[in-house]
Amino acid sequence: MYNIGMAINVKELRIVFMGTPEISAGLLRTLLDNKYNIVAVIAQPDKPVGRKGILQKVPTKVVAEEFNVPVYQPVKIRKDYEFLEEINPDLILTFAYGQIVPEGVLNIPKYGCLNFHGSLLPKYRGAAPIQFSLINNEKVTGVTLMEMIKEMDAGKMYASKEVVIEDSDNSTSLFKKIETASCELALEKLQDYIDGKLPGEEQDVSKVTFCPTIKPEEEKINLDLSAKEIWGWIRALSDEPGAFLYLNNLKIKIFKALLIDDNSTGQPGEIIKADKSGFVFQTKCGCISILELQKEGKSRMDYKSFLNGNQGLLGKKFN
RNA sequence: CGCGGAGUAGAGCAGUGGUAGCUCAUCAGGCCCAUAACCUGGAGGUCGCAGCGUUCAAAUCCUGCCUCCGCAA
């Protein structure tokens, strides 16, 4: 559709990269390592991090500075994007930027705006696709290279790459896998896109699902759910921020667990085993074996260490 | 100065003034068809750092600092 017959190397195009977190920084680094001409990086403003509230550079900014690429961090891109006109990009790539990109921006680059989305669209449009693929115990997810349009995550899909979810995966490992897949997808398909070889496929509206951001109150494990669903939440919230339950009024974060069975019934939250052979609690339907956890005020530890210092838990209940 | 918890053997904890203890792990030996089970014995800590603080006596009280963690942002 663009310049067919006239070879244009994607690496010669002026590309603006928009993204903020670690996963985005990984893709940015790959593009820079492969000599893509990133002329600017747009990221969320730096935010205070940690107990002390120290201002920390966002991950994409760190990478950009390493390669001497100018960084822009508008508080509201919706209102503040005239600087892009001067940069005059040919193409904009976005991956987990964190703000809605206004239509005014979408119209600037001649080759348009592409987004990397961490799911196989049309499933899991929205903010937390990677976490929700775990919450819903998906076996396969992936990353989709898509056209950005006004409606969020609704544009044409140009290419995608599948990622297999193992039982041992959690959010941290799955983010890493998606990051790797995104890098491969970029290197394999961006040139094809520029060459006009990717027609793009409209999303099947009947198959669209959405995933909202996870609210802090959802980090508390809901004992009305089945063991399988709880297991999904534990994996989705691990290693950060950690799904938790209360035991004796103390917050216990569960970082790693196993689904032991998904049909036994009993008192939800009751600890039915607490010895060397395991630390298991019952749910409404099935039970879960805790492998790594953290008591509030303490650091993360394996279940054997925890039980060593916290004896007599058999029969007690999480709530 | 946002609130709070904690730093004692490799790990998890107890120990709020008087010669440092428990559980697990570890090592040696024993029992057993066998064992992650059980029995016996051993090794392993200047009790986060500093004050040459208070005291006849400090892990324990006081002062300052460092580090880790939960919450709030």
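Below, read A as the first sequence line, B as the second, and so on, with proteins coming before strands; counting in each chain starts at 1.
Searching all strands for a Watson-Crick or G-U wobble partner of U63(B) with both distances below 3.5 Å returns A50(B). Here C3(B) sits opposite G70(B) as a Watson-Crick or G-U wobble pair (both hydrogen-bonding atom distances under 3.5 Å). G21(B): Watson-Crick or G-U partner is C13(B), with both key distances under 3.5 Å. Pair assignment for C32(B): none, as no Watson-Crick or G-U wobble contacts are both less than 3.5 Å. With both pairing distances under 3.5 Å, U26(B) is matched to G42(B) as a Watson-Crick or G-U wobble pair.
Atom C1' of A36(B) sits at a distance of 15 Å from the matching atom of C32(B), rounded to the whole Å. Comparing the P positions of C27(B) and U19(B) gives a spacing of 33 Å, expressed to the nearest Å. Look at the C1' atom in both C68(B) and G48(B): the space between them is 11 Å, to the nearest Å. Spacing between U46(B) and A59(B) at atom P, rounded to whole Å, works out to 13 Å. C47(B) and G21(B) have their C1' atoms separated by 12 Å, given to the nearest Å. For G7(B) and C13(B), the P atoms lie 9 Å apart once the distance is rounded to whole Å. Taking atom P on both nucleotides, C24(B) is separated from A20(B) by 23 Å, rounded to a whole Å. Comparing the P positions of A11(B) and G2(B) gives an interatomic distance of 32 Å, to the nearest angstrom.
The cationic group of K251(A) lies under 6.0 Å from the six-membered ring centre of F244(A) and within 45° of the ring axis, placing it in a cation-pi geometry. Taking the centre and axis of the six-membered ring of W231(A), the NZ or CZ atom of R235(A) falls inside the cone set by 45° and 6.0 Å.
One can place CD of E292(A) at 15 Å from C1' of G12(B), the figure rounded to the nearest angstrom. Rounding to whole angstrom units, CG of residue N249(A) and P of G5(B) are separated by 16 Å. Computed from coordinates, the D239(A) CG to C69(B) P distance equals 13 Å when rounded to whole Å. One interatomic measurement links the two molecules: CD of E217(A) to P of A72(B), which rounds to 11 Å at whole-angstrom precision. R300(A) has its CZ atom 17 Å from the P atom of C68(B), to the nearest Å. Look at CZ on F244(A): it is 10 Å from C1' on C71(B), rounded to the nearest Å. Put simply, CE on M301(A) is 12 Å from P on G7(B), counting in whole angstrom units. Taking atom CD of E296(A) as the reference point, atom C1' of C3(B) lies 12 Å away to the nearest angstrom.
Between G297(A) and K304(A), the residue anchored closer to the 5' end of RNA chain B is G297(A), taking for each the nucleotide with the nearest heavy atom.
Taking both residues in full, the closest heavy atoms of K123(A) and T209(A) are given as CA-OG1, 3.4 Å, listed atom of the first, atom of the second, then distance. Of all non-hydrogen atoms in L134(A) and D169(A), the two that sit nearest each other are CD2-O, 4.1 Å.
Here K251(A) lies in heavy-atom contact (under 4.0 Å) with sugar-phosphate atoms only.
Side chains of L120(A) and V140(A) form a contact here, defined as non-hydrogen atoms less than 4.5 Å apart.
Dashed line: the shortest gap from a side-chain N or O of K298(A) to OP1 or OP2 of G12(B) is not under 4.0 Å. Proximity of K253(A) to the phosphate of C71(B): a side-chain N or O atom is located under 4.0 Å from OP1 or OP2. Put simply, K276(A) has a side-chain N or O that comes within less than 4.0 Å of OP1 or OP2 on A37(B).
Listed nucleotides: G70(B), C13(B), C68(B). Nearest to the side chain of Q294(A): G70(B).
Looking at residues 307-318 of chain A, you'll see N308(A), G309(A), Q311(A) sit with a heavy atom under 4.0 Å from some atom of RNA chain B.
Checked for salt-bridge contact, K161(A) and E188(A) meet the test: a charged N lies under 4.0 Å from a carboxylate O.
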Donor-acceptor pairs are to be reported for all side-chain atoms of residues 90-99 of chain A against protein atoms at under 3.5 Å, with residues two or more places apart or in another chain.
unit_1 : atom_1 : unit_2 : atom_2 : d
D90(A) : OD2    : R14(A) : N      : 2.7
Y97(A) : OH     : Q99(A) : NE2    : 3.4
Q99(A) : OE1    : I77(A) : N      : 2.9
Q99(A) : NE2    : Q44(A) : OE1    : 2.7
Q99(A) : NE2    : P74(A) : O      : 3.3
Q99(A) : NE2    : V75(A) : O      : 3.2

Practice prompt. Report the C-alpha distance between F318(A) and Y246(A) in whole Å, list the side-chain angles of each, state the deciding distance to 0.1 Å, and finish with yes or no for ring-ring contact (aromatic ring centres under 6.0 Å, His included).
Written response: CA-CA 6 Å; F318(A) 283 111; Y246(A) 288 103; over 10 Å; no
Item to complete: Given side-chain hydrogen bond (donor to acceptor under 3.5 Å, both in side chains), test S264(A) with Q282(A) step by step and report yes or no.
Response: CA-CA 8 Å; S264(A) 65; Q282(A) 182 65 245; 3.3 Å; yes
